[in-house]
Amino acid sequence: MTPDTFRHSPEILPGRRLRLEKIHVRHAPALYASVRRSMPELDYIAWGHQHWDEEAARHHCESTREWILSEGEGVSYLAFEYDTSTYVGCVDLHSVDFGVPRCQIGFVGCTRQRGRGLMRDAALTLMDWAWRQGMVRIEVWCDVRNTRSLAFAESLGMLREGLMRQVERDGRGLLCDHHLLARLAGDPVPDRLPTMPARRARADSDPAVA
């Protein structure tokens with residue numbers, strides 16, 4: 001695995017119920033519309049505290065695409081339903097260590113599509129692609145307060161490996177603790193979402209980037 005793995009990653013990754021499209025400036029309108037709807041629930045996402053308008057969404061798509069093609073240190077895909085082309089959310093691989101190789105996965109779902117398992121399909125599709133390229137370990141760093149993201153990560157077969165104290169600053173600039181979760185290439189993934197108490201957040205309810 002090298003930076004060219006991500007630079008030359010497919011423009012489209014087919015999933016079971018959706019397709020993943022490599023981020024492009026044409027995605028800016030769909031991304032902006034979703035962020036605008038979901039903004040009140042993006043509390044644990046750093047860019048969720050930034051000003052977002054159509055131009056900001058366009059810049060995000062352009063700069064992320066350029067980062068993939070120039071640096072090759074990760075990749076970002078947007079998920080769309082096959083039948084309706086409805087935007088579902090985005091998934092990305094970042095913080096790559098090519099020496100292992102390992103990386104982190106991030107995910108942000110559109111609030112209108114929650115509870116259908118589509119974001120889980122999107123994340124597993126990207127992870128399956130990464131395993132085929134030789135990825136050995138995929139991690140999630142999850143703010144301990146973000147119970148939705150934690151449940152979602154566990155639904156992907158991620159195992160909790162420890163608590164990292166004051167490891168990052170949150171969107172407000174405050175130091176925060178993170179759970180470290182990871183899945184190895186040979187680890188199994190559950191066939192179904194885990195059963196959780198009624199008051200716990202659903203695993204596919206607008207997961208935040210970890």
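As the structure is a prediction and not an experimental result, all values here were calculated from the model.
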First locate atom [atom1] of [X], then atom [atom2] of [Y], and finally report the distance between them rounded to the nearest 0.5 Å.
X: Arg26; Y: Cys61; atom1: CZ; atom2: SG; result: 10.0 Å
X: Arg183; Y: Ile105; atom1: CZ; atom2: CD1; result: 9.5 Å
X: Glu161; Y: Arg137; atom1: CD; atom2: CZ; result: 4.0 Å
X: Cys90; Y: Met119; atom1: SG; atom2: CE; result: 6.5 Å
X: Asn146; Y: Cys176; atom1: CG; atom2: SG; result: 10.5 Å
X: Asp92; Y: Thr64; atom1: CG; atom2: OG1; result: 8.5 Å

Exercise. So, Lys22 and Ser9: side-chain donor and acceptor under 3.5 Å apart, yes or no?
Worked result: yes

Problem set entry | Between Ser95 and Arg102, a side-chain donor and acceptor under 3.5 Å | no

Quick check on the hydrophobic clustering: are [X] and [Y] connected, directly or via other members, by side-chain heavy-atom contacts under 4.5 Å?
X: Tyr77; Y: Tyr32; answer: no
X: Leu156; Y: Leu18; answer: yes
X: Phe107; Y: Val144; answer: no
X: Leu184; Y: Leu159; answer: no
X: Val25; Y: Leu31; answer: no

Closest heavy-atom contact between [X] and [Y]?
X: Ala30; Y: Phe80; value: CB-CE2, 4.3 Å
X: Gly72; Y: Phe98; value: O-CZ, 3.4 Å
X: Met135; Y: Ala185; value: O-CB, 3.7 Å
X: Cys103; Y: Leu93; value: SG-CD2, 3.9 Å

Got a donor-acceptor contact below 3.5 angstrom from the [X] side chain to the [Y] backbone?
X: Arg65; Y: Ser76; answer: no
X: Asp97; Y: Pro101; answer: no
X: Arg17; Y: Asp121; answer: no

For this session: Report the C-alpha distance between Asp170 and Arg145 in whole Å, list the side-chain angles of each, state the deciding distance to 0.1 Å, and finish with yes or no for salt bridge (charged side-chain N to carboxylate O under 4.0 Å, His left out).
Result: CA-CA 11 Å; Asp170 63 18; Arg145 299 164 295 181; 3.1 Å; yes

Side chains of [X] and [Y]: closer than 4.5 Å at any heavy-atom pair?
X: Gln104; Y: Val140; result: no
X: Phe6; Y: Glu71; result: no
X: Asp143; Y: Asp177; result: no
X: Arg19; Y: Pro14; result: no

Exercise. Does the pair His94 and Glu73 meet the rule for a side chain to side chain contact (heavy atoms under 4.5 Å, CB included), with working shown?
Worked result: CA-CA 6 Å; His94 61 277; Glu73 295 181 352; over 6 Å; no

More than 12 heavy atoms of other residues, nucleotides or ligands under 6.0 Å from [atom1] of [X]: yes or no?
X: Glu62; atom1: CD; value: yes
X: Asp83; atom1: CG; value: no
X: His24; atom1: NE2; value: yes

For this session: Would you mind telling me which of Ile23, Leu20, Ile68, Val91 makes a side chain to side chain contact (heavy atoms under 4.5 Å, CB included) with Val75?
Result: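 Answer to the side chain to side chain contact (heavy atoms under 4.5 Å, CB included) test with Val75 among Ile23, Leu20, Ile68, Val91: Ile68.
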
For this session: Just do the side-chain hydrogen bond (donor to acceptor under 3.5 Å, both in side chains) check on His27 and Glu21 with the steps written out, would you?
Result: CA-CA 9 Å; His27 296 133; Glu21 297 184 6; 2.7 Å; yes

Problem set entry | side chain to side chain contact (heavy atoms under 4.5 Å, CB included) assessment of Ile138 paired with Met158 | CA-CA 8 Å; Ile138 299 179; Met158 298 276 178; 3.8 Å; yes

Exercise. Given Glu139 and Leu181, is the side chain to side chain contact (heavy atoms under 4.5 Å, CB included) satisfied, shown in steps?
Worked result: CA-CA 6 Å; Glu139 300 176 349; Leu181 302 93; over 6 Å; no

For this session: Test side-chain hydrogen bond (donor to acceptor under 3.5 Å, both in side chains) on Arg7 and Thr2 and set out the steps.
Result: CA-CA 9 Å; Arg7 292 189 185 110; Thr2 70; over 6 Å; no

For this session: Run the numbers on His178 and Cys142 for side chain to side chain contact (heavy atoms under 4.5 Å, CB included), then give the verdict.
Result: CA-CA 5 Å; His178 278 219; Cys142 177; 5.6 Å; no

For this session: Scan residues 125-135 for pairs that pass side-chain hydrogen bond (donor to acceptor under 3.5 Å, both in side chains), counting only residues two or more places apart or in two chains.
Result: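 Of all non-adjacent pairs touching residues 125-135, none passes side-chain hydrogen bond (donor to acceptor under 3.5 Å, both in side chains).
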
